[in-house]
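Everything below concerns the one structure shown next.
One is the number of the first residue; the rest follow in order along the sequence. Order of listing sets the numbers, starting from 1, for every ligand and every atom in it.
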Amino acid sequence: MNKKLSSIIKAGESKVKKSQAGVKKRANSIFAAMSVAHVDDDDIIVKPSKMQGETISKGHKNYELMLNLQLGIRHSVGRPAPATSLDLRDTAFNPKEKIWTRFPPQGSKHTPPHQSSAFKWKDYCPLVFRTLRKLFKVDPADYMISICGDDALRVLSSPGKSGSFFYSTNDDKYMIKTMKKSEVKVLIRMLQAYYNHVRAFENTLVTKFFGLHCVKMTGHAHKKVRFVIMGNLFCTKYAIHRRFDLKGSSQGRLTDKPESEIDSTTTLKDLDLNFIFRLQKSWFQEFSRQVDRDCDFLEQERIMDYSLLVGIHFIQISRTGEPLTTEASISQVQTSSGDGDQASGEAAPELSRLGINMPAQAELAMRRNDCELAMEPMGEYCDVILILGIIDILQDYDISKKLEHAYKSFHYDPSSISAVDPSQYSRRFRDFIFRIFTQDTT
Ligand code: ATP
């Protein structure tokens, strides 16, 4: 094991003990990060950008779960393993490839002592996830620092409809999502196809998965928590001013929050969208090719209910956070975007690639009516940076979705409901995406 990794493991072990002894106290910093939005050269607004979620400090109901998770990750990532090639054998994907480890409080030959109740830790297909991390160029030591380092995890306040909980690492690089058993099954079932897909297409927009685990807690908190570790799409230096979760369906696809509560951390939906995005030719071509490949892959795996998550950074915004239309050319965006580091002149702009920090123009659009997706462009443009990816890819068209489809079809137009079979889903999703992302012809 490399030196950096083993010293992190040791430091982490003593950290867990300390924090369990109650030494560590953390403040819940809601407005921790500051970002800067440029209006013009002389007029720079310092805009607080909200750090989402609540820090899990001692006394939090998920505190013990977090410590177990950190001990488990440290164990999984730090476990000595021979260097592997990216060509994995079929056996690595076998659903039976899982390792249970006991974590008794007094410690064992392979696990450190700790002060919570005994728990068991399960790694699903460990070799595959180790290799995925390598493929995604994740350094094991950095991965451990992000998840198990001194900074605690944050629990995000608004779990999705599925009832899953989301945690974020303090550096915002990773998200941890709790999963239903059925979702774990889907991921294991499609793991080989997923691996081949992300390996073949470096620019894929589908979520990056880094680990799949289960904690089985004993004592009074007796429960099993399964979770996946994935990349946080919005881990970028650009402040995200608007975010949309887009499925291409209209039923229930309007935010239920009153306008006064909507801010830059609110995830808006299809019927809230009021932009059409114009991409330069090369971006547009690459984007359409990749959306097609990713949708074909998801359709083949019989997956539906996924979303395109889109984060928008407006190059120029007003003091109240509204986008301003601008004359600036989109080729200049990388030098004019707003963030704290750039304002202090320290950091270089982040590079763009498909889905990450893509320059585009957003044209304001108006919905023809409140419950249809069709929009009329309004001829007013603003320069934006887009961050996007396809998330929530672990729902197959199972019996519950078929029943949901049957039930909702009685009440609503069947083409407007989210739950439809995977080929229909993929077709409708692409149709919608290619209506709102178009090639810039100016
Ligand atoms: P639902 O059933 O309502 O669709 P869910 O519980 O299955 O929700 P997701 O759709 O996976 O959860 O995610 C809910 C929200 O969490 C997303 O709309 C998005 O705001 C955020 N989110 C999920 N995955 C990511 C990610 N990889 N990066 C950044 N944000 C994410």
Side-chain angles (χ1 to χ4, degrees), residues 49-53 132 136 138 146-147 153-184 186-187 194 198 204-212 225-257 262-273 294 298 303-313 355-357 386-398 400-401 404-405 408 417-420 425 429:
S49 84
K50 219 163 146 186
M51 204 173 205
Q52 276 186 284
L132 275 172
F136 295 139
V138 174
S146 293
I147 301 171
L153 304 177
R154 280 176 282 127
V155 59
L156 302 182
S157 48
S158 51
K161 252 196 269 154
S162 69
S164 290
F165 283 89
F166 288 86
Y167 302 88
S168 166
T169 56
N170 225 30
D171 60 8
D172 272 336
K173 282 191 184 161
Y174 301 102
M175 287 185 88
I176 300 170
K177 180 182 179 181
T178 62
M179 300 173 91
K180 289 182 278 190
K181 195 174 177 181
S182 59
E183 290 174 308
V184 173
V186 171
L187 180 51
Y194 171 83
V198 297
T204 178
L205 296 169
V206 299
T207 314
K208 289 189 166 75
F209 293 125
F210 301 107
L212 181 62
V225 184
R226 301 172 183 85
F227 55 89
V228 68
I229 301 182
M230 56 190 181
N232 179 2
L233 215 62
F234 296 146
C235 178
T236 159
K237 287 170 71 180
Y238 295 104
I240 305 291
H241 298 124
R242 295 273 196 292
R243 53 188 79 196
F244 291 94
D245 178 300
L246 305 171
K247 290 182 191 278
S249 56
S250 55
Q251 189 52 50
R253 301 297 297 160
L254 187 69
T255 183
D256 43 16
K257 276 196 173 179
I262 295 177
D263 62 17
S264 61
T265 64
T266 310
T267 307
L268 301 163
K269 302 182 191 173
D270 303 63
L271 288 176
D272 300 305
L273 185 69
D294 290 344
L298 294 168
I303 300 294
M304 38 80 66
D305 233 8
Y306 43 90
S307 313
L308 184 76
L309 187 62
V310 181
I312 309 176
H313 170 85
I356 306 170
N357 306 332
L386 296 179
I387 292 105
L388 45 90
I390 298 178
I391 59 157
D392 204 9
I393 61 162
L394 298 177
Q395 177 65 58
D396 62 359
Y397 196 48
D398 63 6
S400 72
K401 287 290 164 188
E404 183 182 333
H405 177 81
K408 288 193 174 163
I417 56 184
S418 271
V420 291
Y425 194 92
F429 180 84

Give a yes/no verdict on whether any heavy atom in Lys177 is under 4.0 Å from an atom of ligand 1.
yes

Can you find a heavy atom in the side chain of Ile356 that is under 4.5 Å from one in the side chain of Thr236?
no

Should you measure from each heavy atom of Asp245, which atoms of ligand 1 turn up under 4.0 Å away?
17 (C), 18 (O)

Just going by heavy-atom distances, which of Phe166, Phe234, Phe209, Tyr174 is nearest to atom 16 (O) of ligand 1?
Phe166

Should Lys247 be listed as contacting ligand 1, given a heavy-atom distance under 4.0 Å as the test?
yes

Do the side chains of Asn232 and Tyr174 get nearer than 4.5 Å, heavy atoms only?
no

From the list Leu156, Ile229, Thr207, Leu233, side chain to side chain contact (heavy atoms under 4.5 Å, CB included) with Met175 holds only for Leu156

Ligand-side contact atoms (ligand 1) for residue partner Gly231, heavy atom cut-off under 4.0 Å:
26 (C), 27 (N), 28 (N)

If we set the cut-off at 4.0 Å for heavy atoms, which region of Leu156 has an atom near ligand 1: side chain, backbone, both, or neither?
neither

Ignoring hydrogens and angles, tell me if any N or O in the side chain of Arg154 forms a donor-acceptor pair with the backbone of Thr169 under 3.5 Å.
yes

Heavy-atom side-chain contact between Asp272 and Leu254 under 4.5 Å:
yes

So does Asp396 pair up with Lys401, basic N to acidic O under 4.0 Å?
no

Here the atoms of ligand 1 under 4.0 Å from any heavy atom belonging to Met230 are 24 (N)

Tell me which part of Gln395 gets within contact of ligand 1: side chain, backbone, both or neither, using heavy atoms under 4.0 Å.
neither

Taking 4.0 Å as the limit for heavy-atom contacts, which would you say applies to Leu233 with ligand 1: side chain only, backbone only, both, or neither?
both

Should Met179 and Val186 count as side-chain neighbours, where that means a heavy-atom distance under 4.5 Å?
no

Give the atom numbers and elements of ligand 1 that come within less than 4.0 Å of a heavy atom of Thr267.
18 (O), 20 (O)

For a 4.5 angstrom cut-off between non-hydrogen side-chain atoms, does Phe209 reach Ile393?
yes

Which atoms of ligand 1 are found less than 4.0 Å from any heavy atom of Asn232?
28 (N), 29 (C)

